[in-house]
2 protein chains.
Amino acid sequence: MPANRVTMADVARRAGVSPTTASFALSGRTDMRISDAARNKVLEAAAELGYRPNATARSLRTKSSQTIGFVSDAITTTPFAGEVIRGALEAARAKEHLLFITETGGDRAVESGLVNGLLDRQVDAVIYAAMYTHYVTPPPELHGRRVVLLNCLAPGFDAPSVIPDEIEAGRTAGRALLAAGHTDGIWAIGGHQAVPATPDGIFAGIERMRGLQEVFRDAGARLNGVAECDWNTEDGYREVGRLLAEGHRPRALVCSTDRVSFGAYQALAEAGLSVPRDVSIVSFDDQDIAGWLKPALTTVALPHHELGRRAVELILEDGPLSASSHRVPMPLRERDSIGPARPAN
Amino acid sequence: MPANRVTMADVARRAGVSPTTASFALSGRTDMRISDAARNKVLEAAAELGYRPNATARSLRTKSSQTIGFVSDAITTTPFAGEVIRGALEAARAKEHLLFITETGGDRAVESGLVNGLLDRQVDAVIYAAMYTHYVTPPPELHGRRVVLLNCLAPGFDAPSVIPDEIEAGRTAGRALLAAGHTDGIWAIGGHQAVPATPDGIFAGIERMRGLQEVFRDAGARLNGVAECDWNTEDGYREVGRLLAEGHRPRALVCSTDRVSFGAYQALAEAGLSVPRDVSIVSFDDQDIAGWLKPALTTVALPHHELGRRAVELILEDGPLSASSHRVPMPLRERDSIGPARPAN
DNA sequence: CGCACTTGCTAATCCGATTTAACGGAGGTC
DNA sequence: GACCTCCGTTAAATCGGATTAGCAAGTGCG
C-alpha cells in the first residue's frame with residue numbers, strides 16, 4: 001500500500017517555512033502566533049500537494065490515536081448485532097474517531113489476545129460489549145483503562161455500563177395490555193431463564209417480569225402463569241401449543257422475544273385462533289420479523305442503535321469515567337397484535 | 001488511557017544490552033546474530049516488566065500497521081451483515097491483523113472522509129464492500145492502493161472481487177426442484193429487479209434466473225412465469241396472492257429471498273394451501289427465518305461468512321492483487337419446503 | 001605472526017509528526 | 001543609544017521502535 005508520499009516537511013519546504021510553522025498552521029492552533037501570510041502559504045502548499053497527515057506519527061507523539069476498540073463476545077448473533085455497531089460507528093464518526101471491531105467468541109484467550117492487540121495499537125478507549133445483558137468480568141488488561149461496558153454489568157470493575165432499561169420495558173408491555181383492557185387470561189411465554197447458565201438468572205427476563213408484575217399489581221390485573229422456556233421460535237410454538245392442549249384459553253400473551261412470538265403465532269394459527277381477535281400478543285426486541293408477521297407484531301424494542309451510540313458518546317466525553325449505569329429507554333413499537341379485551345367467554 | 005509505560009529501552013536497560021539488541025531479540029529475527037544468552041536476558045526482562053510493543057511506533061518505521069480498513073455502504077441491513085464481518089474478523093485474527101470497520105450509508109462525501117481517515121491511519125489495505133451485489137465505483141482515494149472488492153464489481157478498477165456464485169446458485173435451486181420431480185407449474189417470485197436503480201438490473205436476480213433457466217432447459221422443464229417484484233415479505237405475500245387470485249395453481253415456487261418466501265407462506269396459508277404438499281418452495285439467502293418457518297425453508301445460502309473470510313485472506317496474501325473475480329459457492333440448505341411433484345390435477 | 005573473516009553487539013539514523021526552547025528583528029521607553 | 005519587550009519563526013528534542021553501518025574481540029589459516 002503506497003503510503004502518503006507527501007509529508008509535512010514537503011509542505012513546509014514548498015511553502016518556504018519551517019516544519020514547525022507548517023505544523024502550527026495545519027493544526028490551526030492559536031496558542032502559537034502564526035501570521036496570516038505564513039498560514040495561507042502553508043495551507044496552499046498543503047492543498048497543492050494533496051497533503052494528508054500521518055495519523056500514526058501524530059499519535060506517537062500526542063498519545064492519542066483517535067481510535068476506539070470495540071470488543072464483543074459476538075457481533076453477529078440475533079438480535080444484538082449490527083445496529084449496535086452502527087450506532088457506535090455513527091457516534092464515532094461525529095467525533096472523527098475510527099473503530100476497531102473485534103469478536104472474541106466468548107473465549108478468554110482470544111479475548112486477551114484481541115485486547116492486547118487493541119492496546120498495542122494505542123486505542124484511546126475500549127468498549128466492552130456483550131450480546132445479551134449479563135454480568136461479565138473484563139480481562140485484567142483492561143483494568144485502569146478507559147472503558148465503557150455495553151449491554152453488560154461488571155460489579156467491582158470501575159467503569160460505566162450502558163444497558164437497556166428492561167424494568168421500564170416490562171412496565172411498557174404491561175401498560176400496553178392494560179390500555180387495551182386486558183386484566184386477565186394473560187400468560188407470559190419465555191419468562192426469566194433464557195440463559196440458564198447465567199448466575200443470577202437472565203437479567204432481561206427478570207427485570208421485564210418485575211416491571212410487568214408491578215404495573216399489573218397496581219392495576220389489579222394478573223398474570224395467569226409463566227411458561228418458562230428458552231427464547232426461540234420452537235419454544236414459543238411448543239409452549240403455546242402445550243397451553244392450548246392443556247385447555248387454557250389465553251387472551252393475551254407476553255412473549256420474551258419476537259422469535260417466541262413467531263412460534264406463538266404458528267401454534268395459534270394451527271389451533272385456528274386469530275391474533276389479535278382471539279389472542280393479543282405483546283413482545284420484546286423488535287427484530288425485523290416483527291414487521292413481517294401478519295398481523296404485524298407490537299413489541300418493545302431493544303434500543304440497539306441507541307446503546308451503541310450512547311456508549312461511544314460516553315467514552316468520548318471529557319473527564320474521567322465513573323462506575324454508573326446508564327439505562328436506555330426501550331420504546332414500544334405499536335403495531336397490530338394487540339386487540340381490545342373482550343368479556344370472558 | 002494510560003499508555004504502556006514500559007518501552008523497549010526499559011527492557012534493554014534491565015537486560016543490560018543496547019536497544020538494538022533488544023529489538024532484534026524481541027522481533028526474533030534471525031538475520032542478525034544474537035547470542036542465546038543475550039536473547040534470553042532480553043526475553044526475561046520483557047516478561048518481568050510486562051513489556052508490550054507500541055504498534056504505532058513500529059508502524060511508523062516499518063510502514064505496516066497490521067491493520068485493514070473495511071468500508072461498507074451498510075453493514076446492518078439484512079441479509080448482508082454480521083456474518084460477513086465475522087468471517088473477515090476471523091481471517092484477520094488468524095494473521096494478527098485488526099479491522100477498522102466503517103459504514104458510509106451510501107454517501108460519497110462520508111465515504112471519502114472515512115477512506116481518508118483509514119488511509120491517514122496507515123491501513124495496509126482496504127476492503128470495499130457492498131450490501132448487495134452490484135457495480136460500484138470506488139472513491140479516487142483508493143486508486144493504486146491495495147483493495148479487494150467484496151460483494152461488488154468495479155470494471156476498470158484494478159482489484160479483485162469476491163462475490164457469491166449466483167449463476168451456480170440458480171442451477172442449484174433448479175436442480176433441487178428437478179430432483180423432486182418438478183418440471184411444470186413452477187413460478188418465480190421476485191425475479192430480476194429487486195433494485196430497480198441498478199444500471200444492469202439486479203445482479204443476483206439476473207444470474208440466478210440464468211442458472212435456473214439453464215438447468216430447466218436442459219431437463220425439459222419450464223418456468224410458467226416470473227412475478228417481478230421487490231424482494232420483501234409483503235411483495236411475496238402480494239404476488240403469490242395475486243397468482244392464486246388469477247386462478248393459477250403453482251406447484252412450485254422459486255422465491256428470490258427468504259423474506260419473499262415468508263410472504264408466500266402467508267399467502268398460501270390463507271388460501272388453505274400446504275407447503276410442501278400442495279406447493280414446494282425453494283428460496284435464496286438462508287436468513288435465520290428460514291429455519292424458523294414451518295415447514296423449515298429449503299434455501300440456497302448466501303455465503304456471507306465465507307465471503308468475508310475470502311476477502312481478507314486474499315488481501316493478506318503476498319504479492320500484488322490483480323483484477324479478477326472470485327466466486328464463492330452458495331450451498332443448498334435442504335430443509336422441508338420441497339415435496340415430491342404430484343401428477344397434474 | 002599477521003591478515004581476513006566471523007561473531008556479537010552497539011551507536012547513530014530514520015519514520016513523520018508535535019512541542020519546547022530560543023533567536024533575530026521591530027518597536028517602545030527612558 | 002542602551003535596554004526591554006513583543007512577534008513571528010525556527011532549530012532541536014521527542015515519541016518508541018526498526019534498521020544500517022560499523023566496531024571490538026575472537027577464530028582460522030597460511
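Convention: sequence-line order gives letters A, B, ...; per-chain numbering from 1. Nothing here was measured: the structure is a model prediction, and the numbers come from that model.
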(request) Measure across Ile68(A) and Val123(A) and return the closest heavy-atom pair with its distance rounded to 0.1 Å. (result)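 For Ile68(A) versus Val123(A), the nearest heavy atoms are C-CG1, 4.2 Å.
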(message) With a cut-off of less than 4.0 Å, is there a side-chain N or O of Ser23(A) near OP1 or OP2 of dT18(C)?
(response)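 Affirmative; the distance criterion is met.
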Could [X] and [Y] be called an ion pair, given the rule that one side-chain N must be under 4.0 Å from one carboxylate O?
X         : Y         : result
Arg108(A) : Glu111(A) : yes
Arg93(B)  : Glu90(B)  : no
Glu83(B)  : Arg86(B)  : yes

Is it the case that [X] and [Y] place a side-chain donor and acceptor less than 3.5 Å from each other?
X         : Y        : answer
Thr104(A) : Asp73(A) : no
Ser18(B)  : Thr21(B) : yes
Gln122(B) : Thr67(B) : no

(request) Using five pairs at either end of the helix from dC1(C)-dG30(D) to dC30(C)-dG1(D), determine the angle between the two local helix axes and round it to 10 degrees. (result)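 Answer for the end axes of this duplex: 60°.
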Find the distance [X]:[atom1] to [N]:[atom2] and express it as a whole number of Å.
X         : N       : atom1 : atom2 : result
Gln122(A) : dG17(D) : CD    : C1'   : 11 Å
Leu119(B) : dG16(C) : CG    : P     : 15 Å
Arg29(B)  : dC9(C)  : CZ    : C1'   : 15 Å

(message) Please classify the nucleic acid contact of Met8(B) as base, sugar-phosphate, or nothing, using heavy-atom distances under 4.0 Å.
(response)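 Sugar-phosphate, no base atom in range.
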(message) Before we go on, tell me: are the rings of Phe100(A) and Phe70(A) under 6.0 Å apart, centre to centre?
(response)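 So the answer is no for these two rings.
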(message) Please encode protein proximity along nucleotides 6-15 of chain D as a string of B, S and -, counting only heavy-atom distances under 4.0 Å.
(response) --BBBBBBBB
